[in-house]
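Working notes for the structure below.
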Amino acid sequence: MQLNVNGTAYEVDVEPDMPLLWVLRDELGITGPKYGCGVAFCGACTVWVDGMVVRSCSYPASAAEGAQITTIEGIGNPDALHAVQAAWVEEQVAQCGYCQSGQIMTAAAFLQENNNPSDAEIDDAMSANLCRCGTYPKIRAAIRRAATSLRGE
């Protein structure tokens with residue numbers, strides 16, 4: 001099966017129902033998406049498939065064939081951070097950091113749709129991503145900062 005991840009085409013020989021997360025991590029060595037719960041509940045494994053937020057731990061690899069898959073590694077790099085990544089650093093969001101790639105992927109997708117959100121809209125958009133360290137106030141602050149940046153303010 002052919003998968004396009006972060007702009008690179010890969011040929012993988014896996015079972016069609018293998019979760020995309022395992023293909024990314026175990027077959028391709030892309031470790032940004034994390035295994036958290038395995039049942040699409042926590043959000044640590046969040047990636048985009050054709051721009052849509054997907055929980056890769058429960059998404060079959062075959063469903064992503066022919067699509068554009070984007071992981072945290074594909075939205076920015078140390079020399080050119082995505083606005084959300086930069087805001088995460090500036091607000092010092094991460095504690096343990098385990099959930100952060102999923103949080104950032106969800107936040108970046110949300111801000112593509114709404115770059116001037118209220119706190120309630122941020123809380124609603126991020127409600128399906130769990131942070132065991134409880135950094136939710138810092139996550140909200142980072143999203144507000146990134147939204148301001150994306151608006152050019």
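Reckoned from all heavy atoms, side chains included, excluding hydrogens, waters and symmetry mates. The first residue in the sequence is number 1, and the count goes up from there.
Between atom CD1 of residue Ile104 and atom NE2 of residue His82 there is a gap of 9.5 Å, rounded to the nearest 0.5 Å. Here the OG1 atom belonging to Thr31 is positioned 10.5 Å from the CG atom belonging to Leu21, to the nearest 0.5 angstrom. Separation of atoms CG (Asn114) and CD (Gln112) is listed at 12.0 Å; rounding is to 0.5 Å. Considering CG of Asn116 and CZ of Arg151, their distance stands at 4.0 Å, rounded to 0.5 Å. Taking CZ of Arg145 as the reference point, atom CG of Leu150 lies at 13.0 Å (rounded to 0.5 Å). The CD atom of Gln95 sits 6.0 Å away from atom OG1 of Thr135, with the distance rounded to the nearest 0.5 Å.
For the pair Ile30/Arg25, no side-chain contact is recorded, criterion being any heavy-atom separation below 4.5 Å from C-beta on. No side-chain heavy atom of Leu28 sits under 4.5 Å from any side-chain heavy atom of Trp22. Residues Asn6 and Thr70 form a side-chain contact, since some pair of their non-hydrogen atoms from C-beta on lies under 4.5 Å apart. Here the side chains of Gln85 and Asn77 are not in contact, with every heavy-atom distance at 4.5 Å or above. In this structure the side chain of Val5 never reaches within 4.5 angstrom of the side chain of Glu73, judged on heavy atoms. Side-chain contact between Ser56 and Val49 is absent, with no heavy-atom pair separated by less than 4.5 Å.
Using a distance-only test at 3.5 Å, with no hydrogens or angles considered, no donor-acceptor pair links the side chain of Asn4 to the main chain of Ala9. Checked by atom type and distance alone, the side chain of Tyr98 pairs as donor or acceptor with a backbone atom of Tyr35 at under 3.5 Å.
A continuous path of Ile, Leu, Val, Met, Phe, Trp and Tyr side chains, each step under 4.5 Å between heavy atoms, connects Ile69 with Met1, placing both in one hydrophobic cluster. Both Leu24 and Leu3 sit in one connected hydrophobic cluster of ILVMFWY residues. Membership requires side-chain heavy atoms under 4.5 Å apart, directly or through other members. There is a path of hydrophobic side-chain contacts, each under 4.5 Å, that joins Ile75 to Ile139. The cluster map of Ile, Leu, Val, Met, Phe, Trp and Tyr, joined by side-chain heavy atoms under 4.5 Å apart, puts Phe41 and Met126 in the same cluster. Leu111 and Trp88 fall within a single hydrophobic cluster, where Ile, Leu, Val, Met, Phe, Trp and Tyr side chains are chained together by heavy-atom contacts under 4.5 Å.
With a 6.0 Å radius and a threshold of 12 heavy atoms from other residues, nucleotides or ligands, Glu90 has its CD atom above the threshold.
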Yes or no on side-chain contact (heavy atoms from CB on, under 4.5 Å) for Val53 and Trp48, after CA distance, side-chain angles and deciding distance? CA-CA 5 Å; Val53 171; Trp48 301 340; 4.1 Å; yes
Criterion side-chain contact (heavy atoms from CB on, under 4.5 Å) on Met105 and Val84, from CA distance to verdict: CA-CA 9 Å; Met105 294 301 287; Val84 176; over 6 Å; no
Run Glu27 and Tyr10 through side-chain contact (heavy atoms from CB on, under 4.5 Å) and show every step you take. CA-CA 10 Å; Glu27 301 295 321; Tyr10 297 93; over 6 Å; no
Determine, stepwise, if the pair Cys99 / Arg132 fulfils side-chain contact (heavy atoms from CB on, under 4.5 Å). CA-CA 8 Å; Cys99 71; Arg132 290 178 177 96; over 6 Å; no
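Between Pro16 and Ser62, the shortest heavy-atom distance links the atoms O-OG, 3.0 Å. Here the closest heavy-atom approach between residue Thr106 and residue Ala125 is recorded as CG2-O, 3.8 Å. The heavy-atom pair separating Glu11 from Gln2 by the smallest distance is OE1-CB, 3.7 Å. Closest approach of Gly36 and Cys42 over heavy atoms only: CA-SG, 3.7 Å. In plain terms, the two heavy atoms of Ala142 and Ala87 that are nearest each other are O-CB, 3.2 Å. Nearest heavy atom pair, residue Cys131 against residue Tyr136, reads N-OH, 2.8 Å.
Pairs of residues two or more places apart, or lying in two chains, that qualify as salt bridge (Lys or Arg N to Asp or Glu O under 4.0 Å) and include a residue from residues 120-131 are Asp123-Arg140.
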